[in-house]
Amino acid sequence: MALQSMTGFARAGLVDEMAAVTWELRSVNGRGLEARLRLPPGFERLEQAAKGAVGKRFSRGNIQASLSVTRGEALRRPVVDEAFLAEVAKLAHRLEREHGAAPATADGLLALRGVMEMPDASADEEARARLDELALRALDTALDELAAARREEGVSLGVVLEGHLAAIEALTLRAEADTSREPANIRARLEEQVRLLMDAAPALDENRLNQEAAFLATKADIREEIDRLKTHVASARALLATGGPIGRKLDFLAQEFNRESNTLCSKSNAASVTAIGLELKAVVDQFREQVQNLE
């Protein structure tokens, strides 16, 4: 499955003799899935169906959907009560002939209550059903376009995240290969520290100092952190290759990356390893920031 970003925009509409309907969709980051609808008066009935359609397509993101409706000729065509109009016209003609009333005009007759009415689509079940079907079909098209936009953005995000993982891996290997971790260099540093302490306080027990030095050397070992960083890089790459809604899983791995880089810095006993750890933390922060955009 392709990666999907949580950001995107889409606009789609449909037109028939009933109406022209248009949806505008905007999607931004969100911890879960939330759909907010802006519907014209009288179309509130579509809310549940529209939210259901959104829920079938996406698992995360704040999605705003706005619907606009322009009624077509079929709904704007007036309805004239021909029989009633004929009776009114006949009465107007008789009043003119028998009582000298002013001749009736067409616009005057049509303006009389009950002669001509504009159709109320909300009162026509068939028309309302057709409008609903048109609006929901247009929504499906808009959701398709939004999904495509999010996938396109997801492809770009995948490239960026792969770059961050490559940088994390390279820094991990640099820390692993740093000369400060070679046994001879570690021993030399410890011997120098013990010598300085013995010179400052000759009464200190040399055996005890050696034991403490060995303990500190063990405590400062970053082998486990390096191994876990390598494992997390492999897991993240496997998730990216799998695709789909993996944002939460990658966010968890980003937290693990951050934990290991913090521990590496705290355990470091060499300036070179500390510098690598700080650079690693910066790359991990960038990785996690981009992960927040993934579904």
Side-chain angles (χ1 to χ4, degrees), residues 1-16 18-72 121 127-162 164-165 235-255 287-295:
M1 296 175 63
L3 292 177
Q4 281 202 35
S5 168
M6 284 190 284
T7 60
F9 172 81
R11 189 175 190 272
L14 289 174
V15 180
D16 69 5
M18 296 290 294
V21 298
T22 302
W23 287 92
E24 281 196 0
L25 307 181
R26 289 177 171 81
S27 176
V28 296
N29 299 356
R31 294 183 63 85
L33 177 64
E34 183 178 4
R36 298 181 180 180
L37 305 181
R38 184 175 298 171
L39 303 172
F43 284 84
E44 295 83 0
R45 61 186 181 273
L46 295 179
E47 182 170 358
Q48 290 304 315
K51 286 186 175 181
V54 172
K56 290 179 181 178
R57 304 294 187 94
F58 308 110
S59 60
R60 291 182 69 194
N62 290 329
I63 298 175
Q64 296 182 346
S66 299
L67 171 65
S68 62
V69 179
T70 302
R71 298 180 185 275
R128 182 167 61 183
R130 289 179 60 188
L131 273 175
D132 290 357
E133 191 269 340
L134 185 69
L136 292 176
R137 280 198 293 117
L139 177 60
D140 281 340
T141 302
L143 289 172
D144 285 342
E145 293 188 7
L146 181 62
R150 288 174 41 142
R151 284 194 299 271
E152 183 177 351
E153 180 67 19
V155 171
S156 299
L157 278 176
V159 173
V160 173
L161 292 173
E162 286 283 4
H164 290 326
L165 288 175
S235 298
R237 282 176 171 159
L239 284 172
L240 288 175
T242 301
I246 59 172
R248 286 192 178 94
K249 294 179 180 179
L250 281 177
D251 186 53
F252 171 76
L253 283 177
Q255 295 177 48
F287 177 82
R288 189 175 185 185
E289 182 179 350
Q290 292 300 329
V291 164
Q292 304 306 310
N293 296 319
L294 275 183
E295 182 180 11

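Only this structure's heavy atoms are used, side chains among them; waters, hydrogens and symmetry mates stay out.
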Residues that S59 engages under side chain to side chain contact (heavy atoms under 4.5 Å, CB included), provided they are two or more places apart =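 Testing S59 for side chain to side chain contact (heavy atoms under 4.5 Å, CB included), a comparison that skips the adjacent residues, returns P245, E295.
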
Distance check, rounded to the nearest 0.5 Å: [X] atom [atom1] versus [Y] atom [atom2]?
{"X": "R36", "Y": "I63", "atom1": "CZ", "atom2": "CD1", "value": "12.0 Å"}
{"X": "N62", "Y": "E34", "atom1": "CG", "atom2": "CD", "value": "5.0 Å"}
{"X": "L143", "Y": "R150", "atom1": "CG", "atom2": "CZ", "value": "10.0 Å"}
{"X": "L136", "Y": "T141", "atom1": "CG", "atom2": "OG1", "value": "11.0 Å"}
{"X": "L3", "Y": "L239", "atom1": "CG", "atom2": "CG", "value": "9.5 Å"}
{"X": "S27", "Y": "F9", "atom1": "OG", "atom2": "CZ", "value": "12.0 Å"}

Side-chain contact, heavy-atom cut-off 4.5 Å: [X] with [Y]?
{"X": "L161", "Y": "L294", "value": "yes"}
{"X": "D144", "Y": "R57", "value": "yes"}
{"X": "Q4", "Y": "L146", "value": "no"}
{"X": "L250", "Y": "L240", "value": "yes"}

query = Counting only heavy atoms not in E152, do more than 12 fall under 6.0 Å of its CD?
reply =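 At most 12 heavy atoms, drawn from other residues, nucleotides or ligands, come within 6.0 Å of this atom.
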
query = If you count the non-hydrogen atoms of other residues, nucleotides and ligands that lie under 6.0 Å from CZ in R31, is the total more than 12?
reply =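 Result for CZ/R31: open.
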
Closest approach of [X] to [Y] (non-hydrogen atoms, all atoms of both residues):
{"X": "G30", "Y": "R60", "result": "O-NH2, 3.3 Å"}
{"X": "R151", "Y": "A2", "result": "CD-CB, 4.0 Å"}
{"X": "L67", "Y": "A135", "result": "CD2-CB, 4.4 Å"}
{"X": "N29", "Y": "Q292", "result": "ND2-O, 3.4 Å"}
{"X": "A10", "Y": "A142", "result": "CB-O, 3.5 Å"}
{"X": "S5", "Y": "L157", "result": "CB-CD1, 3.8 Å"}

message = Holding to salt bridge (charged side-chain N to carboxylate O under 4.0 Å, His left out), I want the full list of residues that pass it with E47, two or more places apart in sequence or in another chain.
response =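 Only K51 meet the salt bridge (charged side-chain N to carboxylate O under 4.0 Å, His left out) criterion with E47.
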
task = For R248, enumerate each residue passing the salt bridge (charged side-chain N to carboxylate O under 4.0 Å, His left out) test, keeping only those at least two apart in sequence or located in another chain.
result =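 Listed in chain order: nothing, the list is empty.
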
key: Worked check of side-chain contact (heavy atoms from CB on, under 4.5 Å) between Q64 and E24   = CA-CA 8 Å; Q64 296 182 346; E24 281 196 0; over 6 Å; no

side-chain contact (heavy atoms from CB on, under 4.5 Å) between L25 and L139, intermediate numbers included = CA-CA 9 Å; L25 307 181; L139 177 60; 4.3 Å; yes

